[in-house]
Amino acid sequence: MTETLPAAPTTQPADAPARTPGRRRRRKLPGGGLLIGAVVPVLLLGLWWLVTEGTDTFSPVQLPAPQTVFSAGVGLFESGDLIDHMTVSLQRVLLGFAAGAGLGLALGSLLGLSSIADALLHPTVGAFRAVPSLAWVPLLLLWVGIDEDSKVILIAIGAFFPVFTAVHSALRHVDAQLVEAGRAFGFHGVRLLGTVQLPAVVPSVFSGLRLGLAQAWLFLVAAELLASSEGLGFLLDESRNNGRTDRLLLAIVLLALLGKLTDTLLGIVERKALKTWA
């Protein structure tokens, strides 16, 4: 008869957490991601300063020094014009993005869930998607005028197509078994969409929303370059006409910063949505 040997005693306490051999716990530096992301902008700023101060590659009109651009920003801020331009542009983007993204979610959901609606409308939507942004401007000016509505509509057009494309494509590829399971629990129509299908495509939806937000900023400049008396796009065009390259670069930097800020805020919402639904 074979005797069973007793198990060898362990020196590790019973309540001690298991350790994986060969792996060490990495400590995250607070704000490490922000510091790493700031490396390239700081390097570009330093290169900009070196090129303008240490070489004669560009004249001050072609490329002003960073401190010159900063001084131009201070001057506009003290006069109150800078805050007005930023506020107006941000308001236009948010309104246009909300309208365009909302319509993109609705129509993308309709075509993604209905084969009949998809066959009927998708070719037309695809054709309109190929129209350049500036092609809409004369028509909007003729129909709506040069007030705020035309600018918001143009921005909404830019935000609509990325959101629509992402939602439509994602819903067309939702797992059929997941949908059938939802129907088995009594979910149909809008309830099925909100409870089963949209949560299944949350990452794709937010990818479309972030692309739509980026498009909204691009279409903002197109709107403000042609028919506007305020906003960062107007500041960009006015500075070009007056030869104020320092203000022109300031407008570009502010557009980049505001675009990144709004994208970061949308990314925070995305992370919370992924924890809740995905």
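Computed from heavy atoms alone, side chains included, the values below leave out hydrogens, waters and symmetry copies.
Inter-residue side-chain proximity for Leu235 and Leu76 is flagged as met; some heavy-atom pair is nearer than 4.5 Å. Within the 4.5 Å cutoff, the side chain of Glu270 has no heavy atoms near those of the Leu209 side chain. Within the 4.5 Å cutoff, no side-chain heavy atoms of Leu107 are placed close to those of Val167. Looking at heavy atoms from C-beta onward, Val131 lies out of side-chain contact with Ile157 at the 4.5 angstrom threshold. Residues Thr245 and Gln62 fail the side-chain proximity criterion, which asks for heavy atoms closer than 4.5 Å. Considering only heavy atoms from C-beta on, Trp136 stays 4.5 Å or farther from Ile153 through its side chain. The side-chain heavy atoms of Leu232 and Leu236, taken from C-beta on, include no pair separated by under 4.5 Å.
Thr52 and Pro64 get closest at one heavy-atom pair: CG2-O, 3.7 Å. Between Val125 and Phe161 the shortest heavy-atom distance is O-CE2, 3.7 Å. The two residues Ala216 and Phe97 have their closest heavy-atom pair at CB-CB, 4.3 Å. Closest approach of Ala72 and Arg247 over heavy atoms only: CB-CG, 4.2 Å. Considering all non-hydrogen atoms of both residues, Ser150 and Leu140 come closest at O-CD1, 3.8 Å. Contact detail for Pro138 and Ala135: the closest heavy-atom pair is CD-O, 3.6 Å.
Ring orientation note: the planes of His168 and His122 are close to parallel, at an angle under 30° on the 30°/60° scale.
For Thr165 (side chain) and Pro162 (main-chain N/O), no donor-acceptor pair under 3.5 Å exists by modelled atom type. Within the 3.5 Å criterion, the main-chain N or O of Gly233 finds no donor-acceptor partner in the side chain of Asp237. A distance-only check finds no donor-acceptor pair linking the side chain of Thr87 to the backbone of Asp84 [under 3.5 Å]. Asn242 contributes a side-chain N or O that, together with a main-chain N or O of Glu238, makes up a donor-acceptor pair within less than 3.5 Å. Ser89 places no side-chain N or O within donor-acceptor distance of the main-chain N or O of Met86, the cut-off being under 3.5 Å. Between the side chain of Ser169 and the main chain of Ala166, no donor-acceptor pair closer than 3.5 Å is present.
Remark: Leu139 engages Trp143 in a side chain to side chain contact (heavy atoms under 4.5 Å, CB included) (not counting sequence neighbours).
Note on Leu220 and Leu261: separate hydrophobic clusters, where clusters join Ile, Leu, Val, Met, Phe, Trp and Tyr whose side-chain heavy atoms are under 4.5 Å apart, directly or indirectly. A single hydrophobic cluster is not seen to contain both Phe206 and Leu211; linkage of ILVMFWY side chains at heavy-atom distances under 4.5 Å, directly or through other members, places them apart. Leu265 and Val163 fall into different hydrophobic clusters, where Ile, Leu, Val, Met, Phe, Trp and Tyr residues are linked whenever their side-chain heavy atoms come under 4.5 Å apart, directly or through other members. Hydrophobic clustering, with ILVMFWY side chains joined whenever heavy atoms are under 4.5 angstrom apart, keeps Phe70 apart from Val42. Cluster annotation: Phe58 and Leu250 are assigned to the same hydrophobic cluster (Ile/Leu/Val/Met/Phe/Trp/Tyr, side-chain heavy-atom contacts under 4.5 Å, transitive).
With values rounded to the nearest 0.5 angstrom, Asp246 atom CG is found 7.5 Å from Ser239 atom OG. Separating the CG atom in Leu171 from the CG atom in Leu111 is a distance of 10.5 Å, to the nearest 0.5 Å. Atom CD1 of Ile83 and atom CZ of Phe77 lie 5.0 Å apart (nearest 0.5 Å). Remark: Leu90 CG to Thr262 OG1 distance equals 7.5 Å, nearest 0.5 Å. Atoms CG and CZ, from Leu105 and Phe164 in turn, are 11.5 Å apart once rounded to the nearest 0.5 Å. Distance CZ/Phe160 to CZ/Phe219: 12.0 Å, rounded to 0.5 Å.
Around CD1 of Ile116, the count of heavy atoms belonging to other residues, nucleotides or ligands within 6.0 Å does not exceed 12.
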Requested in this report: Kindly indicate, with the supporting measurements, whether the criterion side chain to side chain contact (heavy atoms under 4.5 Å, CB included) is fulfilled by Leu254 and His85.
Outcome: CA-CA 10 Å; Leu254 290 175; His85 289 315; over 6 Å; no

Between Trp217 and Asp263, does a side chain to side chain contact (heavy atoms under 4.5 Å, CB included) hold up when you go through it step by step? CA-CA 11 Å; Trp217 282 104; Asp263 180 75; over 6 Å; no

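Look at Lys151 and Glu224 and you find no salt bridge, because none of the NZ, NE, NH1 or NH2 atoms lies under 4.0 Å from a carboxylate O.
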